[in-house]
Q: 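Pasting in a structure now, in structure tokens, and then I'll have a few things to ask.
All of these numbers come straight from a predicted model, not from anything done at the bench.
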Amino acid sequence: HVTAVEINPLAHQCCIENIAKYHAQDRITVLNMDFSDALSLLPCAMYDIIIANPPISQLDDKNDAISATSAKAKKEMDSQLYAFLTNAWRDEQGLDLVDHIFQFADKRLSNDGHIILVCCDIELDCNSYINRKRTVYHYEEVKRIECCITPQSIGVENFICEPIKSHIFLLKKVICE
């Protein structure tokens, strides 16, 4: 069984429609919620794999996010959307979405489970960022795949012209014996 979490209401609806299209309603549950609430709101099940496509940025808060955008982006994109796309959001403790993914995995990932993180280099080298985070949370990189995607494939063609470097990280918890 798959449990999916999607905060964006449009993407959540798209998930529901695709699940119905492929007749997978009995195998997939999609929750429309903030993943940072997942640990307290999801059933206490253990998971074999956690797959996430978190937005990643070096920006610390929404105000920094807006000041760092181009003039065109400032005009065309509101601050909430920009924060959503760039992980400029932080909780009260200063933790970002990637921290919440690792914390969730620490409590709910089976001993032989894996995390798969898919991310793009938009304003930040994701490889360095994920390597710092995985070290903090004691995860090892099993495999990393790098490729480039088009700006159109993620809907940022009005802001970015060049291909975007993308990464898929396969991570596993370091088990101390």
Q: Looking at Lys173 and Asp106, does any basic side-chain N land under 4.0 Å from a carboxylate oxygen?
A: yes
Q: Is any side-chain heavy atom of Phe169 less than 4.5 Å from a side-chain heavy atom of Ile115?
A: no
Q: Return the minimal non-hydrogen interatomic distance between Ala45 and Arg108, and the atom names on each side.
A: O-CD, 3.2 Å
Q: Determine the minimum heavy-atom distance between Arg134 and Glu140, stating which atoms define it.
A: NH1-CA, 3.7 Å
Q: Answer with yes or no whether the hydrophobic clustering places Ile49 together with Met46; edges join I, L, V, M, F, W, Y residues whose side-chain heavy atoms lie under 4.5 Å apart.
A: no
Q: Just wondering, are more than 12 heavy atoms of other shown residues or ligands nearer than 6.0 Å to CG in Asn111?
A: no
Q: Please test Asp99 against Tyr137 for side-chain contact (heavy atoms from CB on, under 4.5 Å), starting from the C-alpha separation and ending with a verdict.
A: CA-CA 9 Å; Asp99 291 308; Tyr137 291 98; 2.9 Å; yes
Q: Give the minimum heavy-atom separation between Asp121 and Cys126, together with the two atoms involved.
A: OD1-N, 2.8 Å
Q: Is there a chain of hydrophobic side chains (I, L, V, M, F, W, Y, each step under 4.5 Å between heavy atoms) that links Phe104 to Val30?
A: no
Q: Are Leu170 and Val98 connected in a single hydrophobic cluster, I mean Ile/Leu/Val/Met/Phe/Trp/Tyr linked by side-chain heavy atoms less than 4.5 Å apart?
A: no
Q: Rounded to the nearest 0.5 Å, what's the gap from NZ on Lys21 to SG on Cys14? Could you check?
A: 9.5 Å
Q: If we count only N and O atoms by modelled type, under 3.5 Å, do the side chains of His100 and Asp37 hold a donor and an acceptor together?
A: no
Q: Hey, quick one: are Ile149 and Ile51 part of the same hydrophobic cluster, counting side-chain heavy atoms closer than 4.5 Å, chains of contacts allowed?
A: no
Q: With side chains defined as the heavy atoms from C-beta onward, is the minimum distance between Phe102 and Leu171 less than 4.5 Å?
A: yes
Q: Would you say Val118 ends up clustered with Ile145 if hydrophobic residues are merged whenever their side chains have heavy atoms under 4.5 Å apart, either directly or through other cluster members?
A: yes
Q: For Ile7, is there any backbone N or O sitting under 3.5 Å from a side-chain donor or acceptor partner on Asn32?
A: yes
Q: Taking all non-hydrogen atoms of both residues into account, name the closest pair between Leu109 and His114 and its distance.
A: CD1-O, 3.6 Å
Q: Take Asn127 and Arg144 through the side-chain contact (heavy atoms from CB on, under 4.5 Å) test and state the conclusion after the steps.
A: CA-CA 9 Å; Asn127 184 45; Arg144 179 172 29 98; 2.9 Å; yes
Q: How far does SG of Cys15 sit from CD1 of Ile28, to the nearest 0.5 angstrom?
A: 9.0 Å
Q: Any chance you could measure Cys119, atom SG, to Ile164, atom CD1, to the nearest 0.5 Å?
A: 12.0 Å
Q: Is it the case that atom CD in Glu162 sees more than 12 heavy atoms from other parts of the structure closer than 6.0 Å?
A: no
Q: Rounded at 0.5 Å granularity, tell me how far NE2 in His138 sits from NZ in Lys172.
A: 15.5 Å
Q: State, to 0.1 Å, how close Glu157 and Gln152 come at their nearest heavy-atom pair, and which atoms those are.
A: OE1-CA, 3.3 Å
Q: Which ILVMFWY residues are connected to Leu10, directly or by a chain of links, through side-chain heavy atoms under 4.5 Å apart?
A: none
Q: Between Leu117 and Pro54, is any pair of side-chain heavy atoms under 4.5 Å apart?
A: yes
Q: Look up atom CG in Leu31 and atom OG1 in Thr3, then write down how far apart they are to the nearest 0.5 Å.
A: 6.5 Å
Q: Which heavy atom of Arg27 sits nearest to which heavy atom of His23, and what is that distance?
A: NH1-O, 3.8 Å
Q: Could you check if a side-chain atom of Ile16 sits within less than 4.5 angstrom of a side-chain atom of His12, using non-hydrogen atoms only?
A: yes
